[in-house]
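Below is one structure, written out as structure tokens, with a few remarks after it.
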Amino acid sequence: MKRRIVKLVTDSKALILMDQVIFSGTSFATTLFLARLLSPTDFGLYSTLVLVMYFLSGMISALVIQPFQVNYASESNKKKYSNFSIVFQLILITFISLFLWFISFIKFDLIHSMKESIVPIIVLSAGFLLQDYFRRLMITIGSIRTLLIADALISVAQLTTVFIQLLIGASDFKQILLAQSLSYLPLLFILIYHFRNFSISAQTMFSFGQKHMLQGKWLLMTNIIQWWSGNFIIVASGLLIGPIALGAFRLVQSLFGVLNVLLQAFENYSIPKAATLLCESAQSAQTYLQNISRKVAFLFGGILLILFAFADQFIILAGGEQYAQFGFIIRGMVILYILIFIGYPIRIGIRIMMMDKIFFTGYCFTLIFNLLTFKYFLSQWSISGVLTGLILSQIILIIYWQYTLYKKQFRLWKLSI
């Protein structure tokens, strides 16, 4: 028993999974609390904000952390490289914050409804972006315990805050966002302490910056296209069907946070390992991805089966009786996540081989497909049309990506299915 405990607190894979459980579990619980705190309309606005934050996170990570994850293993001066990534991330967060402040003055109904809450929105977005970066940075450089401490403190702060608000019956949108944004303060202190002996030169920034901009240009365009290809039909549903429909869909997506625990841990752990093995041979990286994906598939499938069987019960438990009619969304999401998992080893293979243009092209195909079909899907099947569009888009991606890897003799399909 003692050996098992020691292994649990020393094994990197176990610690990464534990951290992902804390992170995704906190996000899941917070979303459920907010679904009960806020009105369906305000929760729809909050869901819109979350979608925007993921969009911003994707753009920044394309320029900073995604190239860093692939390059770190082969970089000789790892400390300077880590310092560069921190400065670059902070610069981009500052730019994004100023951009959000600027667009708050645009006269558009959805933006105007959030203008009074622009300060907590900016702080919340900055904290979200910093945590997303910090998590991947710590995993890549191997500081898993520091990451675990940071995420645990943020988790306690977020859950305590939202639980107190639930007890006192808070309902003001601005105050709720402000309280959530302040929960990221522990991360700022840990980041300052962990990199207290920080130093970097302008020459280093310029050298690494050139490298990241060169590698990240396709990733940046890909992430923009990816976000729109995956979320265009969801955003359209909010505009055409209403914020309540968007809120219901986001609530269901939050229920799948337990699957994102596995997928995020899978990707964050596998990419640096697979990239290192690729330096030895393509076959080594391929075999590694096949073996680790096979292990994850059993747990992933079991969770999907439970969600499908008890869909109606889960949606009522999450949001209350007001969301009882949306249980079918969970069953549709189960089908979608099966396809997502099938494509994940293929996705990682493309990442480590730096075939970033293939990502961009694939998501262009799905975005074009969504643009051509979203109106028909939504008018004919409402929210079921959203699920149909997402499922067909995922099939298009898998077929195109798998075909591309086959041409490079990097074959993962047997494992994926």
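Along the sequence shown, the residues carry numbers beginning at 1.
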Notebook entry, point to check: Okay, side chain of Ser97, backbone of Ile93: is any donor-acceptor separation there less than 3.5 Å?
Noted result: yes
Residues pairing under ring-ring contact (aromatic ring centres under 6.0 Å, His included) where one sits in residues 363-387, two or more places apart or in two chains, turn out to be Phe232-Phe374, Tyr363-Trp401, Phe365-Tyr400, Tyr376-Trp381, Phe377-Trp381
Closest non-hydrogen atoms of Leu38 and Phe43, given as atom of the first, atom of the second and distance, are CB-N, 3.9 Å
Main-chain N/O of Gln180 paired to Ser183 side chain as donor or acceptor, under 3.5 Å: yes
Contact check, side chains of Ile352 and Val70, non-hydrogen atoms, under 4.5 Å: no
- [ ] Side-chain contact test, heavy atoms from C-beta onward, threshold under 4.5 Å: evaluate it for Ile103 versus Leu100 and give yes or no.
- [x] yes
When you check the side-chain N and O atoms of Gln283 and Thr287, is any donor under 3.5 Å from an acceptor? yes
- Between Thr26 (side chain) and Ile22 (backbone), is there a donor-acceptor pair under 3.5 Å? yes
Can the ring centroids of Tyr54 and Phe128 be said to lie less than 6.0 angstrom from one another? yes
Check: Going through the distances and angles, do Phe189 and Tyr193 end up as a ring pair (Phe, Tyr, Trp, His ring centres under 6.0 Å)?
Finding: CA-CA 6 Å; Phe189 295 137; Tyr193 177 79; over 10 Å; no
So ring-ring contact (aromatic ring centres under 6.0 Å, His included) across residues 56-82, not counting sequence neighbours, yields Phe68-Tyr72, Phe68-Tyr81, Tyr81-Phe208, Tyr81-His212
What I'd like to find out is whether the side chain of Gln66 reaches to under 4.5 Å of the side chain of Gln215, using heavy atoms alone.
no
**Item:** Other residues, nucleotides, ligands: >12 heavy atoms within 6.0 Å of Gln380 CD
**Value:** yes
Heavy atoms, side chains only, cut-off 4.5 Å: are Met59 and Leu56 in contact? yes
Closest heavy-atom pair, Leu37 versus Leu166, reported as atoms and distance to 0.1 Å, is CD2-CA, 3.7 Å
Taken to the nearest 0.5 Å, the spacing of Ile358 CD1 from Thr404 OG1 works out to 4.5 Å
Taken to the nearest 0.5 Å, the spacing of Thr204 OG1 from Lys79 NZ works out to 12.0 Å
Shortest non-hydrogen pair, Tyr133 vs Ser85, comes out as OH-OG, 2.7 Å
Leu159 and Ala29 have their tightest heavy-atom pair at CD2-CB, 3.7 Å
Stepwise, does the salt bridge (charged side-chain N to carboxylate O under 4.0 Å, His left out) test hold for Glu75 with Lys80? CA-CA 10 Å; Glu75 180 57 50; Lys80 284 187 177 180; over 6 Å; no
Could you tell me whether the side chain of Asp19 and the main chain of Leu15 form a donor-acceptor pair under 3.5 Å? no
Item to check | Stepwise side-chain contact (heavy atoms from CB on, under 4.5 Å) check, Leu405 with Met355 | outcome: CA-CA 9 Å; Leu405 281 184; Met355 298 165 63; 4.2 Å; yes
So Met333 and Val252, side-chain contact (heavy atoms from CB on, under 4.5 Å) or not? Walk me through it.
-> CA-CA 8 Å; Met333 288 289 286; Val252 171; 3.8 Å; yes
| Leu63/Leu219 under side-chain contact (heavy atoms from CB on, under 4.5 Å): CA gap, chis, key distance, verdict | CA-CA 7 Å; Leu63 296 175; Leu219 287 171; over 6 Å; no
Q.
Whether the side chain of Thr160 engages the backbone of Ala157 through a donor-acceptor N/O pair (distance < 3.5 Å, no angle test) should be reported.
A. no
ask   = Does Leu191 reach the side chain of Leu130, with side-chain heavy atoms less than 4.5 Å apart?
value = yes
Between Ser284 and Ser281, a side-chain donor and acceptor under 3.5 Å
yes
Subject >> Neighbour count >12 (heavy atoms, 6.0 Å) for atom CZ, Phe308 >> reply: no
Taken to the nearest 0.5 Å, the spacing of Ile330 CD1 from Leu251 CG works out to 8.0 Å
- Message: Within the supplied structure, the quantity of interest is the number of heavy atoms (other residues, nucleotides, ligands) at a distance under 6.0 Å from Lys273 NZ; does it exceed 12?
- Response: no
**Report entry** Close side-chain approach of Leu124 and Leu49, heavy atoms under 4.5 Å
**Finding:** yes
Rounded to the nearest 0.5 angstrom, the CG-CZ distance for Leu147 and Arg136 is 12.0 Å
*asked:* Evaluate Phe55 against Asn223 for side-chain contact (heavy atoms from CB on, under 4.5 Å), listing each step before the verdict.
replied: CA-CA 8 Å; Phe55 174 65; Asn223 282 358; over 6 Å; no
For this session: Could you check if a side-chain atom of Ile315 sits within less than 4.5 angstrom of a side-chain atom of Ile329, using non-hydrogen atoms only?
Result: no
Pairing donors with acceptors under 3.5 angstrom, does anything connect the side chains of Asp132 and Ser61? no
When rounded to the nearest 0.5 Å, the distance separating CG of Leu259 from CD of Gln253 is 12.0 Å
When rounded to the nearest 0.5 Å, the distance separating CD1 of Ile335 from CD1 of Ile391 is 5.0 Å
query: Taking everything shown except Lys375 itself, do over 12 heavy atoms lie less than 6.0 Å from its NZ?
result: no
Minimal heavy-atom distance between Val386 and Ile234, with the atoms involved, is CG1-CG1, 4.0 Å
Heavy atoms of Phe23 and Asp151 approach each other most closely as CB-OD2, 4.4 Å
Notebook entry, point to check: Mind checking whether Ile340 and Tyr337 have side chains closer than 4.5 Å, heavy atoms only?
Noted result: yes
